[in-house]
Amino acid sequence: MAQISKETTIGELLRINPEVAPILMEVGMHCLGCPSAQAECLADAAMVHGLDADLLVEKINAFLAAK
């Protein structure tokens with residue numbers, strides 16, 4: 001499986017693996033179905049939510065690697 005990056009959009013990520021949604025919800029990203037959120041990259045979404053994008057990407061990639 002390809003690694004995701006901070007430039008990966010939320011929409012792309014959810015198409016890669018919808019099981020990532022709970023991770024995003026857990027960190028406060030509750031508007032995953034919003035059309036604008038679908039086109040937002042993880043770096044921008046992390047910034048808006050006050051999160052470290054690198055840590056978020058690391059957590060998601062670890063989850064994807066374990067699957």
Side-chain angles (χ1 to χ4, degrees):
M1 168 158 284
Q3 294 271 311
I4 61 119
S5 72
K6 293 188 291 187
E7 289 75 33
T8 304
T9 67
I10 292 174
E12 290 172 321
L13 176 58
L14 293 174
R15 283 189 291 281
I16 290 168
N17 190 329
E19 293 178 16
V20 172
I23 294 172
L24 299 175
M25 299 286 282
E26 175 183 293
V27 298
M29 296 182 184
H30 299 120
C31 54
L32 301 179
C34 172
S36 61
Q38 293 293 306
E40 187 173 39
C41 71
L42 288 172
D44 291 342
M47 180 185 66
V48 168
H49 290 88
L51 303 169
D52 182 317
D54 292 317
L55 291 177
L56 178 60
V57 168
E58 185 179 311
K59 183 174 186 170
I60 293 169
N61 278 323
F63 172 81
L64 293 174
K67 287 290 173 181

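For clarity, every value in this text was computed on a predicted model and none was experimentally measured.
Residues V48 and L51 are members of separate hydrophobic clusters, defined by side-chain heavy-atom contacts under 4.5 angstrom among Ile, Leu, Val, Met, Phe, Trp and Tyr. Hydrophobic clustering (ILVMFWY, side-chain heavy atoms < 4.5 Å, transitive): I10 and M47 are in distinct clusters. Taking hydrophobic clusters as Ile, Leu, Val, Met, Phe, Trp and Tyr residues chained together by side-chain heavy-atom distances below 4.5 Å, F63 shares a cluster with V57. The cluster map of Ile, Leu, Val, Met, Phe, Trp and Tyr, joined by side-chain heavy atoms under 4.5 Å apart, puts M25 and I16 in the same cluster.
The two residues A46 and D52 have their closest heavy-atom pair at CB-C, 4.5 Å. Looking at every heavy atom in both residues, A43 comes nearest to A53 through CA-CB, 4.0 Å.
A distance-only check finds no donor-acceptor pair linking the side chain of E40 to the backbone of T9 [under 3.5 Å].
With rounding to the nearest 0.5 angstrom, the NE2 atom of H30 is 10.0 Å from the CG atom of L24. The line from CG of N61 to OG of S5 is 8.5 Å long, rounded to the nearest 0.5 Å.
Legend: residues meeting salt bridge (Lys or Arg N to Asp or Glu O under 4.0 Å) with D54, ordered by chain and number and at least two apart, are K6. Contacts of E19 classified as salt bridge (Lys or Arg N to Asp or Glu O under 4.0 Å), with partners at least two apart in sequence or in another chain: K67.
The shortest distance between side-chain heavy atoms of I60 and T8 does not fall below 4.5 Å. With contacts defined as side-chain heavy-atom distances shorter than 4.5 Å, the pair E12/I4 does not qualify. Looking at heavy atoms from C-beta onward, M29 lies in side-chain contact with L56 at the 4.5 angstrom threshold.
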Residues V27, H49; criterion side-chain contact (heavy atoms from CB on, under 4.5 Å); working and verdict: CA-CA 8 Å; V27 298; H49 290 88; over 6 Å; no
